[in-house]
Amino acid sequence: MKKQTRVTHPKEVKLLDGNDAVVSPLHRTVKFTYPTIADSLSADAKEHGFDYTRDSNPTTRELELLAAELQDRDDAIATGSGMAAIWLALLGNLEAGDRVVIFVESYRPNRVAVRRFLPKLGLTFTMLSIHDLEGIERAFAADDTKLVLFEAPTNPMLQVPDLAAITALAKRHDVVTVLDNTFAGLHNHGRYELDYFVHSMTKYANGHGDAMGGIVIGERRRIRAIKPLAVNMGSVLDPGAAFLMTRGLKTYYLRYERHSANAQALAEWLGQRKEVSKVYYPGLTTDAGHALARKQMTDFGGVLTFDLDADKNRTWAFIDALELFTTTASLGSTESLVAPVQLYLGTDLSAEDQARAQIKEGTVRLAVGIEHVDDLIGDIEQALRRVFG
């Protein structure tokens with residue numbers, strides 16, 4: 001073989017039977033093949049084989065099965081981002097003329113997807129408060145309502161929906177339930193009768209801020225029903241990102257516990273500060289959602305929000321004065337992050353809807369990392385001192 005050919009066809013190194021890698025290999029290949037065409041058409045190949053990475057990939061499939069098991073389901077589809085997962089769950093279950101129920105207490109891109117883009121496809125929506133169970137039942141009873149998209153807890157105001165009540169109403173009226181479970185994580189809410197869980201795997205699953213991805217998790221029959229759409233729309237997660245997320249999940253529980261413990265400590269500390277008028281965190285016994293969260297979740301997560309007794313300029317000055325908290329709209333990384341809620345997460349809402357969602361000029365969201373909590377408290381304290389005196 002000429003060397004010009006050899007560089008394209010290197011000698012393959014195969015492991016001996018039983019000589020397995022401790023860490024699963026990263027399959028960066030786009031294409032897969034079989035010894036013969038007949039082999040590629042066998043029942044086993046069709047059920048368990050791989051052909052093209054846009055369809056499936058061993059590295060990505062390992063992540064899908066692991067995430068599904070953590071969420072107490074048996075199948076999943078990994079996607080290139082959390083919003084790709086949202087769109088897959090929506091488009092895979094809707095037709096022109098259908099209505100979607102969404103809530104004012106929602107992640108801004110989720111609201112934008114439903115309110116700005118779905119109407120272009122001949123779909124309609126109803127936007128309610130997550131706490132308006134009577135309104136939810138009326139909306140579900142409408143003949144054209146086919147799907148509800150919601151979060152638990154909600155982003156950014158940490159509102160806690162009644163999962164048992166909402167899923168019961170949805171089941172009664174044959175409405176598909178899609179829960180964005182990013183804040184609660186892969187280990188929470190699996191016992192509720194939800195049709196699809198969606199996660200931004202960029203966040204707690206990966207945990208290190210260096211890979212983007214999403215996932216739709218559900219029962220195998222539901223996942224298989226939307227899989228052809230996922231393949232056709234090209235929503236595939238890159239195997240390299242899938243490898244990083246599977247690696248991240250090895251420390252998922254350790255990190256989530258630390259995120260939650262730090263957030264709890266900060267929430268309690270902020271609640272004692274005169275510069276803070278209100279703290280939103282379901283781990284606080286004084287929080288309106290505490291009893292529900294305690295019933296529904298094993299822990300309370302690493303995100304908290306609070307209202308500074310300040311206008312926009314003073315709020316921004318406080319955020320700019322922080323040194324350990326990086327200003328950005330993401331969450332779930334090892335480092336702590338901060339976001340001005342009205343600017344980053346509320347600009348699509350009218351002043352009236354911002355008030356309904358409890359978003360104010362002084363509202364700040366913290367995505368608490370895994371640093372030592374004393375350092376985080378010290379950073380917030382020095383920023384408050386610089387701005388408020």
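Taken together through direct or relayed side-chain contacts under 4.5 Å among Ile, Leu, Val, Met, Phe, Trp and Tyr, Val160 and Val341 form parts of separate hydrophobic clusters. At a threshold of 4.5 Å between side-chain heavy atoms, the hydrophobic network of Ile, Leu, Val, Met, Phe, Trp and Tyr places Met233 and Val114 in one connected group. One hydrophobic cluster, built from ILVMFWY side chains closer than 4.5 Å, holds both Leu324 and Trp269. Tyr280 and Val338 fall into different hydrophobic clusters, where Ile, Leu, Val, Met, Phe, Trp and Tyr side chains are chained together by heavy-atom contacts under 4.5 Å. Linking Ile, Leu, Val, Met, Phe, Trp and Tyr whenever their side-chain heavy atoms come within less than 4.5 Å leaves Leu244 and Tyr253 in two separate clusters.
In this structure, a donor-acceptor pair under 3.5 Å is present between the side chains of Asp299 and Asn188. Under 3.5 Å, the side chains of Ser24 and Glu62 contain a donor-acceptor pair of N or O atoms. Residues Glu268 and Gln264 have side chains that bring a donor and an acceptor to within less than 3.5 angstrom of each other. With no hydrogens or angles considered, a side-chain donor-acceptor pair links Ser336 and Glu371 at under 3.5 Å. The closest side-chain donor-acceptor pair between Thr182 and Asp180 falls under 3.5 angstrom. In this structure, a donor-acceptor pair under 3.5 Å is present between the side chains of Arg99 and Thr126.
Judged by distance alone, with hydrogens and angles left aside, the side-chain atoms of Thr154 form a donor-acceptor pair with the main-chain N or O of Gln159 at under 3.5 Å. Looking at Arg73, its side chain never comes within 3.5 Å of a backbone N or O of Ala68 through a donor-acceptor pair. Of the possible polar contacts, one joining the Ser235 side chain to the Ala230 backbone as a donor-acceptor pair under 3.5 Å is found. A distance-only check finds no donor-acceptor pair linking the side chain of Asp72 to the backbone of Arg191 [under 3.5 Å]. In terms of modelled atom types and a separation under 3.5 Å, the side chain of Arg385 and the main chain of Phe388 share no donor-acceptor contact. Glu47 places no side-chain N or O within 3.5 Å of a backbone atom of Asp44 that could act as its donor or acceptor partner.
Among Arg116, Arg115, Arg108, the one residue that satisfies the side chain to side chain donor-acceptor pair (under 3.5 Å) test with Asp348 is Arg115. Val364 pairs in a side-chain contact (heavy atoms from CB on, under 4.5 Å) with only one of the listed residues (Leu270, Asp307, Leu304, Thr315), which is Thr315.
By the ring-ring contact (aromatic ring centres under 6.0 Å, His included) test, His290 is found to be paired with Phe300, residues two or more places apart in sequence or in another chain being considered. Looking at residues two or more places apart in sequence or on another chain, you find no salt bridge (Lys or Arg N to Asp or Glu O under 4.0 Å) involving Arg365. For Pro109, the side-chain contact (heavy atoms from CB on, under 4.5 Å) test picks out Met83, Tyr107, with sequence neighbours left out. Judged as a side-chain contact (heavy atoms from CB on, under 4.5 Å), and not counting sequence neighbours, the contacts of Ala67 are Leu186, Met201, Ile215, Ile217.
Side-chain heavy-atom separations under 4.5 angstrom define the hydrophobic clusters, and the remaining members of the one that includes Val30 are Tyr52. Connectivity analysis of hydrophobic side chains (ILVMFWY, heavy atoms under 4.5 Å, direct or indirect) links Val7 to nothing; its cluster partners are none.
With contacts defined as side-chain heavy-atom distances shorter than 4.5 Å, the pair Leu133/Glu137 does not qualify. In this structure, Tyr34 and Leu41 have side chains that are not in contact, with every pair of non-hydrogen atoms separated by 4.5 Å or more. Between Leu149 and Ile86 the shortest side-chain heavy-atom distance falls below 4.5 Å. You'll find the side chain of Thr202 stays beyond 4.5 Å of the side chain of Ser81, heavy atoms only. Two residues are said to be in side-chain contact when any heavy atoms from C-beta on lie closer than 4.5 Å; Asn206 and Met245 meet this criterion. Contact annotation: the side chain of Ile130 never approaches that of Val104 to less than 4.5 Å [non-hydrogen atoms, C-beta and beyond]. Side-chain contact between Val101 and Val175 is absent, with no heavy atoms from C-beta onward closer than 4.5 Å. Between Leu158 and Phe183 the shortest side-chain heavy-atom distance falls below 4.5 Å.
The minimum heavy-atom distance linking Val216 with Ile223 is given by the pair O-CD1, 3.6 Å. A pairwise comparison of heavy atoms in Ala367 and Gly332 identifies CB-N, 4.4 Å as the closest pair.
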Requested in this report: Output, in order, the C-alpha distance, side-chain angles, deciding distance and verdict of salt bridge (charged side-chain N to carboxylate O under 4.0 Å, His left out) for Lys227 and Asp55.
Outcome: CA-CA 9 Å; Lys227 179 68 174 179; Asp55 301 322; over 6 Å; no
**Report entry** Full working for salt bridge (charged side-chain N to carboxylate O under 4.0 Å, His left out) between Glu193 and Arg172
**Finding:** CA-CA 12 Å; Glu193 292 189 76; Arg172 184 184 308 164; over 6 Å; no
**Report entry** side chain to side chain contact (heavy atoms under 4.5 Å, CB included) evaluation trace for Arg221 with Asp75
**Finding:** CA-CA 9 Å; Arg221 64 180 181 85; Asp75 211 349; over 6 Å; no
Requested in this report: Might you work through the salt bridge (charged side-chain N to carboxylate O under 4.0 Å, His left out) test for Arg314 and Asp311, ending with a clear yes or no?
Outcome: CA-CA 6 Å; Arg314 226 173 182 189; Asp311 61 11; over 6 Å; no
Report task. With side chain to side chain contact (heavy atoms under 4.5 Å, CB included) as the test, would you mind laying out the steps for Phe325 and Ile319 before giving the verdict? Result -> CA-CA 8 Å; Phe325 289 81; Ile319 291 172; over 6 Å; no
Query raised in the report: Where do Thr145 and His173 land on the side chain to side chain contact (heavy atoms under 4.5 Å, CB included) test, with the steps shown first?
Result: CA-CA 9 Å; Thr145 299; His173 295 287; over 6 Å; no
Query raised in the report: Is there a side chain to side chain contact (heavy atoms under 4.5 Å, CB included) between His27 and Arg61 once you walk through the steps?
Result: CA-CA 11 Å; His27 294 273; Arg61 190 64 181 144; over 6 Å; no
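Ring centers of His259 and Tyr204: under 6.0 Å apart, within the cut-off.
Between Glu275 and Arg386, none of the side-chain N atoms (NZ, or NE/NH1/NH2) sits under 4.0 Å from a carboxylate O, so this pair counts as no salt bridge.
Using bins of under 30°, 30° to 60° and over 60° for the plane-to-plane angle, the ring pair Tyr256/Tyr252 lands in the tilted bin.
Taking CZ of Phe140 as the reference point, atom NZ of Lys146 lies at 13.0 Å (rounded to 0.5 Å). Of the inter-residue distances, the one linking Thr326 atom OG1 with Leu337 atom CG reads 6.0 Å to the nearest 0.5 angstrom.
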